[in-house]
Novice: 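Sharing a structure, written as structure tokens. Questions coming.
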Amino acid sequence: MSESVTITDNRTGETIEIPIENGGISAKAFSKHMPGLWFYDPGFTATASTSSAITYLDGGNGVLRYRGYPIEQLAEKSTFLEVCYLLINGELPSATEMETWRHDITHHTFIHENMRKRFTEGFHHDAHPMGMLTSAIAALSTFYPEAKDISDPENRKKQINRLISKVPTLAAMAYRASIGMPFVYPDNTLNYAENFLSMMWRVAEPVYEADPVLSKALDTLLILHADHEQNCSTTTMRVVGSSHSDPYVSAAAATSALYGPRHGGANEQVIHMLNEIGSYENIPAFIEKVKQGDVRLMGFGHRVYKAYDPRATIVKEQADKVFAVTGRSPLLDIALKLEEIALEDDYFKSRNLYPNVDFYTGLIYQSMGIPMDMFTVMFTIGRMPGWLSHWEELMVEEQRIARPRQLYTGPDERDYVDIASR
Ligand code: CMC
């Protein structure tokens with residue numbers, strides 16, 4: 001059996017054989033022989049836009065690994081900061097490397113005072129924190145103009161450290177500004193998750209002591225969100241990065257992609273949906289509306305997973321631990337019932353629709369006191385190392401600028417008609 005495919009152009013009878021490599025065939029090898037004939041693939045459902053050594057995802061069997069390590073093991077044994085190192089550098093750090101990494105990240109958490117004062121004050125009083133965060137990430141580009149030198153690996157490393165360090169500070173800043181509370185400076189004595197919680201909630205106490213169950217749950221959720229191969233925002237990061245824009249504006253573009261309700265905005269939509277359903281007896285009518293195609297069951301379905309999302313299993317376990325501390329959310333019962341019905345219903349079964357990572361994350365965040373409009377912001381903090389590891393991979397491999405083709409379906413050539421004659 002030959003590891004290749006043979007394609008025949010029936011217009012000319014020309015046949016080409018293309019080798020199968022890493023589970024794919026080269027479109028370039030195809031177009032070299034059949035120029036002007038493009039693969040039509042809106043939404044990139046069957047197109048590999050790159051090769052990557054970062055994340056392995058087997059959607060049929062519910063498998064997710066970062067650099068070869070199963071997500072279940074990382075969620076149980078690792079920390080978000082260690083996972084960031086793993087994604088970016090390809091290997092788990094030694095104890096010394098981890099110490100240096102922790103030090104580097106912890107000591108870059110501060111932001112320029114102009115960001116905190118004038119920049120934040122420019123927003124409308126009820127600005128959405130995700131809009132503020134997106135703009136703030138882009139604005140970092142103006143504070144670090146040296147980031148434009150993307151050809152220097154050491155310089156790239158510096159910007160990567162800055163982004164991972166500063167995003168929680170910017171996120172908490174956006175939140176505090178949106179509720180009219182003063183900014184809380186980072187506390188370098190705390191770990192990554194604790195420091196974020198401190199910047200969110202600290203009032204007048206000298207040191208904010210987060211509940212260890214809640215900070216561990218937050219750290220675990222960040223691990224689960226850290227990378228997910230070529231999703232919409234990561235692809236955006238690569239597409240923008242391929243034009244050699246600096247990492248701050250590229251990450252701001254990725255953040256914008258994440259903002260949408262079909263991507264990172266889904267956990268916020270899940271809570272809206274659960275609130276709208278309101279009580280147990282309204283569930284059957286809601287499921288009927290979903291099956292009629294009037295609404296979607298938010299937090300269900302995934303482009304790649306056609307089995308239970310392995311991240312959702314871990315999130316569910318965390319939910320139990322968090323609710324033991326915070327008390328059970330009344331919306332949880334509605335969510336559990338929805339899941340139970342959907343897993344039995346032919347509509348969902350035949351379309352392989354299972355809960356995804358976002359079905360339960362919103363409930364956890366909500367019970368921790370994190371407001372709904374911060375949910376996508378939380379996702380951004382988690383996904384930042386994923387975006388940056390893909391950006392670094394893109395830079396090292398010196399990939400060409402992203403420039404897909406289109407199939408033109410507009411009018412043929414026609415003559416301009418003067419406005420008076422139209
Ligand atoms: N509820 C009801 N029906 C659905 C849903 C849903 N959540 N998702 C897909 N379907 C149906 C869809 O109507 C279609 O049915 P039919 O074949 O009869 O037309 C079929 O399933 C295939 O759907 P699709 O839209 O072709 O699937 P997609 O791969 O383009 O979309 C998705 C993937 C995640 C955008 C979609 O499942 C969705 O909108 N889910 C709800 C939003 C959500 O939870 N998003 C978070 C994704 S996980 C976090 C992340 O990675 O960002």
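Note that the numbering runs from 1 along the sequence shown for the chain. Note that ligands are numbered from 1 as they come in the structure, with each ligand's atoms numbered from 1 the same way. Keep in mind that the numbers below use all heavy atoms, side chains included, and drop hydrogens, waters and symmetry copies.
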Novice: Could you check whether atom 16 (P) of ligand 1 has a protein contact, counting only heavy atoms that fall below 4.0 angstrom?
Specialist: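 There is a protein heavy atom less than 4.0 Å from atom 16 (P) of ligand 1.
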Novice: For H263 and F379, take the angle between the two ring planes, folded into 0 to 90°, and tell me which bin it lands in: parallel under 30, tilted 30 to 60, perpendicular over 60.
Specialist: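 Ring orientation, 0 to 90° scale: perpendicular.
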Novice: Quick check, are the ring centers of Y185 and F110 under 6.0 angstrom apart?
Specialist: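 Yes, the ring centres sit under 6.0 Å apart.
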Novice: What residue and heavy atom of the protein are closest to atom 9 (C) of ligand 1, and at what distance?
Specialist: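 Checking every protein heavy atom, the shortest distance to atom 9 (C) of ligand 1 gives L353 CD2, 3.5 Å.
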Novice: What do we get for R303 next to ligand 1 when only non-hydrogen atoms under 4.0 Å count, side chain, backbone, both or neither?
Specialist: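 For R303, the contact with ligand 1 is made by both the backbone and the side chain.
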Novice: Any ion pair linking R65 and D58 (charged N to carboxylate O, less than 4.0 Å)?
Specialist: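 No, D58 and R65 are not salt-bridged.
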Novice: Are F39 and F30 close enough that their ring centres sit under 6.0 Å apart?
Specialist: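 F39 vs F30: aromatic centres under 6.0 Å.
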Novice: Between Y305 and H228 (judged by ring centroids, cut-off 6.0 Å), do the two rings come close enough to count as a pair?
Specialist: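 Yes - the distance between ring centres of Y305 and H228 falls below the 6.0 Å cut-off.
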Novice: For residues Y360 and E339, is any side-chain donor paired with an opposing acceptor at under 3.5 Å?
Specialist: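 Y360 vs E339: donor-acceptor pair found between side chains.
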Novice: Quick check on contacts: which atoms of ligand 1 are under 4.0 angstrom from a heavy atom of A266?
Specialist: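 By the 4.0 Å cutoff, the relevant atoms are 43 (C), 44 (O), 45 (N), 46 (C).
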Novice: Could you check atom 42 (C) of ligand 1 against the protein and tell me its nearest heavy-atom contact, residue, atom and distance included?
Specialist: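 Answer for atom 42 (C) of ligand 1: M298 CE, 3.4 Å.
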Novice: Would you indicate which of F379, F300, F359, Y305 comes nearest to atom 40 (N) of ligand 1 when only heavy atoms are counted?
Specialist: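 Considering heavy atoms of F379, F300, F359, Y305, the nearest to atom 40 (N) of ligand 1 sits in F300.
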Novice: So which heavy atom in the protein is nearest atom 20 (C) of ligand 1, and how far is it from that ligand atom?
Specialist: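 Residue, atom and distance for the closest contact: R351 CD, 3.9 Å.
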Novice: Is any side-chain heavy atom of R156 closer than 4.5 Å to one of S151?
Specialist: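 Not in contact.
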Novice: Check whether the ring centres of Y354 and H302 lie less than 6.0 Å apart, and answer yes or no.
Specialist: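 No, the ring centres sit 6.0 Å or more apart.
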Novice: Counting non-hydrogen protein atoms only, what is the nearest one to atom 32 (C) of ligand 1? Give residue, atom name and distance.
Specialist: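 The closest one turns out to be R296 NH1, 4.3 Å.
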Novice: Relative to F300, does R296 satisfy both conditions: NZ or CZ under 6.0 angstrom from the six-membered ring centre, and within 45 degrees of the ring's axis?
Specialist: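 Not satisfied by the 6.0 Å and 45° rule.
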Novice: Considering only the protein, which heavy-atom contact is closest to atom 47 (C) of ligand 1, and what is its distance?
Specialist: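 Here the closest protein heavy atom is N356 ND2, 3.6 Å.
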Novice: Heavy-atom distances under 4.0 Å decide this one: backbone, side chain, both or neither, for L297 against ligand 1?
Specialist: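 Under 4.0 Å from ligand 1, L297 contributes backbone and side-chain atoms.
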Novice: Under 4.0 Å from any heavy atom of D358, which atoms of ligand 1 are there?
Specialist: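 What qualifies from ligand 1 is 46 (C), 49 (C).
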Novice: Under a 4.0 Å heavy-atom limit, does T45 contact ligand 1 with its side chain, its backbone, both, or neither?
Specialist: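 Within the 4.0 Å criterion, T45 makes no contact with ligand 1.
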Novice: Could you tell me the residue and atom name of the protein heavy atom closest to atom 50 (C) of ligand 1, and the distance to it rounded to 0.1 Å?
Specialist: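 The protein heavy atom lying closest is H263 ND1, 3.5 Å.
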Novice: As a test of the contact definition, would atom 27 (O) of ligand 1 count as having a protein heavy-atom neighbour under 4.0 Å?
Specialist: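 Within 4.0 Å: no protein heavy atom nearby.
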Novice: More than 12 heavy atoms of other residues, nucleotides or ligands under 6.0 Å from CD of E281: yes or no?
Specialist: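 More than 12 within 6.0 Å, yes.
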Novice: Tell me whether K306 has any N or O atom under 3.5 angstrom from an N or O of ligand 1.
Specialist: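 No, K306 has no N/O under 3.5 Å of an N/O on ligand 1.
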Novice: What part of Y347 sits under 4.0 Å from ligand 1 if we count only heavy atoms: the side chain, the backbone, both or neither?
Specialist: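 The answer is the side chain of Y347.
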Novice: Answer side chain, backbone, both or neither: which part of H302 comes under 4.0 Å from ligand 1, heavy atoms only.
Specialist: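 The part of H302 near ligand 1 is both the backbone and the side chain.
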Novice: Specify whether the nearest protein heavy atom to atom 2 (C) of ligand 1 is under 4.0 angstrom away.
Specialist: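 Looking at atom 2 (C) of ligand 1, one finds that a protein heavy atom does lie closer than 4.0 Å.
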Novice: Taking a cutoff of less than 4.0 Å between a non-hydrogen atom of the residue and any ligand atom, is V290 in contact with ligand 1?
Specialist: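 Contact check V290 vs ligand 1: positive.
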Novice: Is the shortest heavy-atom distance from the side chain of I54 to the side chain of E229 under 4.5 Å?
Specialist: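 No; the side chains remain at least 4.5 Å from each other.
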Novice: Is any NZ, NE, NH1 or NH2 atom of the basic residue among R102 and E82 found under 4.0 Å from an Asp or Glu carboxylate oxygen of the other?
Specialist: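 No, this pair does not count.
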Novice: So if I count the atoms of ligand 1 from 1 in the order they appear, which ones are less than 4.0 Å from some heavy atom of G299?
Specialist: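 Heavy-atom distances to G299 below 4.0 Å select 43 (C), 44 (O).
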Novice: Is the gap between the ring centers of W38 and Y408 under 6.0 Å?
Specialist: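 Centroid distance W38-Y408: not below 6.0 Å, so no.
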Novice: So which heavy atom in the protein is nearest atom 34 (C) of ligand 1, and how far is it from that ligand atom?
Specialist: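 Looking only at protein heavy atoms, the one closest to atom 34 (C) of ligand 1 is G301 O, 3.8 Å.
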Novice: Which of the numbered atoms in ligand 1 are under 4.0 angstrom from any heavy atom belonging to R262?
Specialist: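 Contacts of ligand 1 toward R262, numbered from 1: 45 (N), 46 (C).
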